[in-house]
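One structure below.
Note that the coordinates shown come from a computational prediction; the quantities given were computed from them, not determined experimentally.
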Amino acid sequence: VQLQASGGGFVQAGGSLRLSCTASGGSFRFNNMGWYRQAPGKQRELVADISSGGSTNYADSVKGRFTISRDNAKNTVYLLMNSLQPDDTAVYYCNLKKTYVVYWGQGTQVTVSS
């Protein structure tokens, strides 16, 4: 299993970005997928996740601003980030949860300037 994340970049506060993460090496429609982030000097934290059935869960800090979605036909999970703030600056990682293993993508940098 490999996860390829993309879509990060540099944006001003109030701007938007959409992250994508495509999984390869099988079909993942029955697996939960998610986005995490890690800022310098901080622990990795959950941003949002989505179940195989489409149920979503968000960190309080991003509720109402971020939207996670998935396209099972493309084995891809998305994270639409609106109203970005400097505190959202971090490396964003996607993951895929199978029964006994969690797979991680390589991370994509998001930098928000004030």
Side-chain angles (χ1 to χ4, degrees):
V1 176
Q2 290 190 329
L3 300 176
Q4 182 68 45
S6 62
F10 183 92
V11 65
Q12 291 188 332
S16 299
L17 286 173
R18 189 178 81 154
L19 306 183
S20 300
C21 176
T22 299
S24 59
S27 176
F28 307 107
R29 64 180 64 240
F30 299 114
N31 299 114
N32 293 357
M33 300 185 75
W35 289 96
Y36 286 68
R37 66 186 180 187
Q38 187 167 18
K42 295 187 177 181
Q43 290 188 332
R44 192 173 297 189
E45 62 177 3
L46 172 70
V47 177
D49 58 22
I50 184 166
S51 72
S52 58
S55 297
T56 58
N57 177 49
Y58 295 92
D60 287 343
S61 60
V62 307
K63 282 181 181 177
R65 300 189 297 124
F66 291 11
T67 303
I68 189 171
S69 60
R70 64 190 294 166
D71 184 336
N72 289 332
K74 297 181 178 179
N75 278 347
T76 299
V77 62
Y78 303 97
L79 185 68
L80 175 61
M81 305 184 294
N82 294 322
S83 302
L84 282 161
Q85 299 301 317
D87 285 349
D88 296 316
T89 295
V91 178
Y92 284 70
Y93 299 89
C94 60
N95 78 356
L96 182 148
K97 300 179 178 68
K98 298 182 78 68
T99 304
Y100 301 110
V101 181
V102 178
Y103 297 92
W104 292 92
Q106 85 284 8
T108 184
Q109 177 70 47
V110 172
T111 302
V112 185
S113 67
S114 57

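Taking CG from D71 and OG1 from T22, the interatomic distance works out to 9.0 Å, rounded to the nearest 0.5 Å.
Screening residues 54-92 for disulfide bond (SG atoms under 2.5 Å apart) gives no qualifying pairs among residues at least two apart or on separate chains. Applying the disulfide bond (SG atoms under 2.5 Å apart) test to every pair with at least one member in residues 33-65, sequence neighbours left out, gives no pairs at all. Identified under the disulfide bond (SG atoms under 2.5 Å apart) test for residues 14-92, with sequence neighbours left out: C21-C94.
S52 and N32 make their closest contact through N-OD1, 3.1 Å (heavy atoms, listed as atom of the first residue, atom of the second, distance).
Under a 3.5 Å cut-off, the side chain of D49 and the backbone N or O of M33 do not form any donor-acceptor pair. In this structure, the side chain of Y58 engages the main chain of I68 through a donor-acceptor pair within 3.5 Å. A donor-acceptor pair is defined here as one N or O able to donate and one able to accept, closer than 3.5 Å; such a pair exists between the side chain of N95 and the backbone of G34. Judged purely by atom type and a 3.5 angstrom limit, Q38 has no side-chain atom pairing as donor or acceptor with the backbone of Y36. Using modelled atom types, no side-chain atom of N82 and backbone atom of S16 make a donor-acceptor pair closer than 3.5 Å.
Scanning for salt bridge (Lys or Arg N to Asp or Glu O under 4.0 Å) contacts around R65 gives D88, with sequence neighbours left out. By the salt bridge (Lys or Arg N to Asp or Glu O under 4.0 Å) test, K42 is found to be paired with no residue, residues two or more places apart in sequence or in another chain being considered.
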Practice problem: Quick one: do Y78 and R70 satisfy side-chain contact (heavy atoms from CB on, under 4.5 Å)? Show the steps, please. | Solution: CA-CA 6 Å; Y78 303 97; R70 64 190 294 166; 5.9 Å; no

Under 3.5 Å donor-acceptor pairs involving side-chain atoms of residues 99-114, not counting sequence neighbours:
{"residue": "Q106", "atom": "OE1", "partner": "A5", "partner atom": "N", "Å": "3.2"}
{"residue": "Q106", "atom": "NE2", "partner": "A5", "partner atom": "O", "Å": "2.9"}
{"residue": "T108", "atom": "OG1", "partner": "G8", "partner atom": "N", "Å": "3.1"}
{"residue": "Q109", "atom": "NE2", "partner": "A90", "partner atom": "O", "Å": "3.4"}
{"residue": "Q109", "atom": "NE2", "partner": "T111", "partner atom": "OG1", "Å": "3.3"}

